[in-house]
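Please read the structure below before turning to the comments.
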Number of protein chains: 2
Amino acid sequence: MPSKPKSPRRAMQKSVRLSEIQKAAREVFFTKGFAGATMEQIAKQARVSKGTLYLYFTNKDDLYVSLMLPVLDELGRYLHEFAQQVERKTIISRDQFLSRLCEIYYATYQFDPDGMRIIQTFQLGNHFAAMSKATLETINQRASANYRITRNVLLQLMRDGILKQRDPIKLTDILWATLIGIIQLEESKARTTQKDHLKVTLLCAFEIIGEGI
Amino acid sequence: MPSKPKSPRRAMQKSVRLSEIQKAAREVFFTKGFAGATMEQIAKQARVSKGTLYLYFTNKDDLYVSLMLPVLDELGRYLHEFAQQVERKTIISRDQFLSRLCEIYYATYQFDPDGMRIIQTFQLGNHFAAMSKATLETINQRASANYRITRNVLLQLMRDGILKQRDPIKLTDILWATLIGIIQLEESKARTTQKDHLKVTLLCAFEIIGEGI
DNA sequence: GGCATAAAATGACTGACGGTCAGTCATTTT
DNA sequence: AAAATGACTGACCGTCAGTCATTTTATGCC
């Protein structure tokens, strides 16, 4: 929440500090967990005083939640590229569509599993009531942009006769929900069995769904 | 955490206290949220001192997480009944199977949405590192019992030729994951749009899945 | 370079809360 | 009736998120 920068020099410093803080926050939050991490530790890791953290984020929740943004951006880039491919009629079959989408979702997860988990906790809504209006706004804006792209891709493919005519909103939801649900389940199983079945389960799910869309 | 009861009178009192505390905890946690709720408030609501809470639960996490148990039990009852129906060959088609399972899942959710959310947060694994070994044990035991029933139902239906031959473990996961994912997504949407599409989306998902299994 | 002013950073401080434990007292046992 | 038990209490402690008066640093002007 720094005020408007006057000089470009200061603006640069600000953005550097910001990402330094976020980098430090990642390290501390993701090794100690949200409750286990303290603002003092994060400040130390970022070579900054505790007070400074509060110049950039309104509170602990806010800082934590901000770490999901790179994931949303990464997903956005993938989806954008995907939409272009669909536009150019490069995607010409249902299977192709599904395996591509599955890849995108999996790549997004792989890009930052910890960030993905924040998205889920956030979406669950129980926690993080205290975060700033601004951060909430940013998140919603990015998320709904991604949502819109996916829906448009589906609409296009339905128009082209590649997918069955269905409610595109519901379908968008179901595809994303499948990802979310499987991540949640498989991560929880992985914690006890040490085995990673996420990708194969996801593939299996998309194969099953493939026969119905 | 109460020690072994000697007299039945005392044992009765203990179990009454326990459920009084859990009832109070529900009220406070579910109106103020996990972080917003204080042990002091819960104690007050339960007409008990703060110290007493710690005779029944090792810490705040433990108390919170214990509130998911009724949901697991309820699901267990439904699934048990379902398994008996399958045993008796009352379920004779794929559609019948799916719509029944969908009903069960939805009923479980309806039984206690707040408890369901705890299951999800717990499954996510970020939070609640400090809960007691005993509670963790209980939860895992109930959860895997439910898991086993579902898998056996699927196996039976595959043997009977009602479902396609598939990896029953993956399929169990995918069905549950679909529920979890849709709950998460639709609740998050409901928070902003005030509209409840959970059931219709779930039905749609199970219809799509129906064509692939 | 030196000074004035504004912005940024600091860290000592505070209040709130999770968790503890020595002590109390009703109930049960002897 | 005396002794033992154990459920319960609440004052107390340590920790930590968040605040704010003070100090440090950067910028603009002469």
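A, B, ... follow the sequence lines: proteins, then strands. Residue 1 opens every chain.
- The CD-P distance, from B:Glu40 to C:dA16, rounds to 12 Å in whole Å.
- For DNA chain D, none of the residues of residues 23-39 of chain B falls under the heavy-atom distance limit of 4.0 Å.
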Enumerate all atom pairs, one protein N or O and one N or O from nucleotides 20-24 of chain C, separated by less than 3.5 Å.
none

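- At a threshold of 4.5 Å between non-hydrogen side-chain atoms, the residues B:Ile213 and B:Phe97 count as touching.
- Phosphate proximity of C:dA8 to A:Lys14: present, with a side-chain N or O under 4.0 Å from OP1 or OP2.
- Taking the side chain as every heavy atom from C-beta outward, B:Thr58 and B:Met131 never approach each other to under 4.5 Å.
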Show me the side-chain donor-acceptor pairs of residues 78-85 of chain A shorter than 3.5 Å, one per line, residues at least two apart or across chains.
from: A:Tyr78; atom 1: OH; to: A:Glu74; atom 2: OE2; distance (Å): 3.3
from: A:Gln85; atom 1: OE1; to: A:Arg100; atom 2: NE; distance (Å): 3.3

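- Taking atom NZ of residue A:Lys44 and atom C1' of nucleotide C:dG11, one finds them 14 Å apart after rounding to whole Å.
- OP1 and OP2 of C:dA9 both lie 4.0 Å or more from every side-chain N or O belonging to A:Arg47.
- In this structure, the separation between OG1 on A:Thr135 and CG on A:Asn140 is 11.0 Å, given to the nearest 0.5 Å.
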Dot-bracket summary - DNA chain C, pairs being Watson-Crick or G-U whose distances fall under 3.5 Å, with | when paired to another strand: ||||||||||||||||||||||||||||||
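- If you measure from atom CD1 of B:Ile21 to atom P of D:dA7, you get 12 Å, rounded to the nearest angstrom.
- Under the side-chain hydrogen bond (donor to acceptor under 3.5 Å, both in side chains) criterion, A:Arg26 pairs with A:Asp112, not counting sequence neighbours.
- Taking OH of A:Tyr106 as the start and CG of A:Leu179 as the end, the distance is 11.0 Å to the nearest 0.5 Å.
- Distance CG (A:Leu55) to C1' (C:dG11): 13 Å, rounded to an integer number of Å.
- At whole-Å resolution of the value, CG in B:Asp61 and C1' in C:dC17 are 14 Å apart.
- Protein atom CG of A:Leu53 is 11 Å distant from nucleotide atom C1' of C:dA9, rounded to whole Å.
- The six-membered or imidazole ring of A:Phe128 lies away from that of A:Phe122, with a centre-to-centre distance of 6.0 Å or more.
- Rounded to an integer number of Å, the gap from B:Lys60 NZ to C:dC17 P is 9 Å.
- Remark: B:Ile139 CD1 to B:Glu137 CD distance equals 10.5 Å, nearest 0.5 Å.
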Evaluation steps, salt bridge (Lys or Arg N to Asp or Glu O under 4.0 Å), between B:Asp114 and B:Arg117: CA-CA 5 Å; B:Asp114 295 303; B:Arg117 230 167 288 138; 3.2 Å; yes
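- The shortest distance between the side-chain N/O atoms of A:Tyr56 and the OP1/OP2 oxygens of C:dA9 is below 4.0 Å.
- With sequence neighbours excluded, the residues that form a salt bridge (Lys or Arg N to Asp or Glu O under 4.0 Å) with A:Glu207 are B:Arg166.
- Within the model, atoms CE of A:Met39 and NZ of A:Lys50 stand 8.0 Å from one another, a figure rounded to the nearest 0.5 Å.
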